[in-house]
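Nothing here was measured: the structure is a model prediction, and the numbers come from that model. Chain letters run A, B, ... following the sequence lines, proteins first and then strands; every chain starts at 1.
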Amino acid sequence: MASEQVGSALGAGETDAQESGGKSVRYDCGWLGCDAMPMVVRRQLQAVEVGDVVEFLVYEPSSKEDTPSFCRMLGHRVISIDEQADGAHVIRVERAR
Amino acid sequence: MIDEPKEGSVSDRLIFVCSHGRDDPERAIVTFAAASTAAIAGLPTTVLCTIEGVWLGTPGGTDGFEKEGLPSLPELFGNVVENGGEVWLCGVCTRPRDITEDQLVKGAKIVGAAKVVEEVANGAKMLTYA
């Protein structure tokens with residue numbers, strides 16, 4: 001599956017999602033907290049096709065815990081959670097429905 | 001490696017809500033007394049600290065919570081963590097208090113609403129000692 005990394009720590013709320021071959025998209029959540037995160041995550045997953053993957057780059061501590069939980073509640077599949085050297089987490093989620 | 005709950009999994013976790021700290025030490029102590037009991041009993045235990053309670057998960061956050069006739073909060077906190085319990089700090093509450101990940105004591109972590117909602121949706125029980 002093709003995957004392209006775009007950008008890094010964006011300001012909270014900035015969008016930098018780009019598709020790479022229609023298979024994988026990276027979205028930089030920056031420092032979005034749990035107040036704003038749910039709507040952003042849902043919107044990103046609705047923007048791809050079932051079976052595609054969105055990689056959420058997350059810096060905010062609560063969102064590192066929340067993003068996988070929220071994606072599971074939406075019925076999507078959390079594929080992996082990896083911590084980067086800078087402390088950010090990359091959470092890969094497959095749109096499942 | 002994902003060690004998070006699977007979709008549709010059932011949670012038997014007990015979540016004790018603690019919204020007080022130095023503003024009302026007794027309310028914090030009784031909450032941790034209950035959570036300590038649960039953790040020692042081997043039950044999956046979480047103390048969810050909100051508002052002033054989030055300071056309890058920082059170094060020195062339980063210092064001075066000794067009061068005659070009441071259990072020791074540092075000891076209760078230790079009981080929770082040493083028996084596999086977790087202390088979750090509300091992210092909405094840590095942010096305005098400038099509490100960051102690198103300031104937390106062992107067993108504490110910052111979480112947001114979705115983490116709590118998922119646990120409750122999967123069956124976790126929340127207890128509040130108001």
#### Entry: Over 12 non-hydrogen atoms of neighbours within 6.0 angstrom of CD in B/E26
no
If you tally heavy-atom pairs under 4.5 Å between each of A/S62, A/P38, A/C71, A/C34 and chain B, the highest tally belongs to A/S62
Q: Could you state whether B/L127 and B/L43 fall into the same hydrophobic cluster, counting links through intermediate Ile, Leu, Val, Met, Phe, Trp or Tyr residues with side-chain heavy atoms under 4.5 angstrom apart?
A: yes
Closest non-hydrogen atoms of B/V111 and A/E65, given as atom of the first, atom of the second and distance, are CG1-CG, 3.9 Å
- prompt: Would you say B/V87 and B/F65 are hydrophobically clustered, going by side-chain heavy atoms of ILVMFWY under 4.5 Å?
  reply: yes
Over 12 non-hydrogen atoms of neighbours within 6.0 angstrom of CZ in B/R97: yes
Value for NZ (A/K64) from CD1 (B/I110), rounded to nearest 0.5 Å, stands at 9.0 Å
To the nearest 0.5 Å, atom CE of A/M73 lies from atom CG of B/N122 at 8.5 Å
When the 4.5 angstrom heavy-atom criterion is applied to B/V117 and chain A, the contacting part is both
All heavy atoms of A/S69 vs all of B/K115, minimum pair found to be OG-CA, 3.6 Å
Does B/I99 belong to the same Ile/Leu/Val/Met/Phe/Trp/Tyr cluster as A/Y59, with side-chain heavy atoms less than 4.5 Å apart forming each link?
no
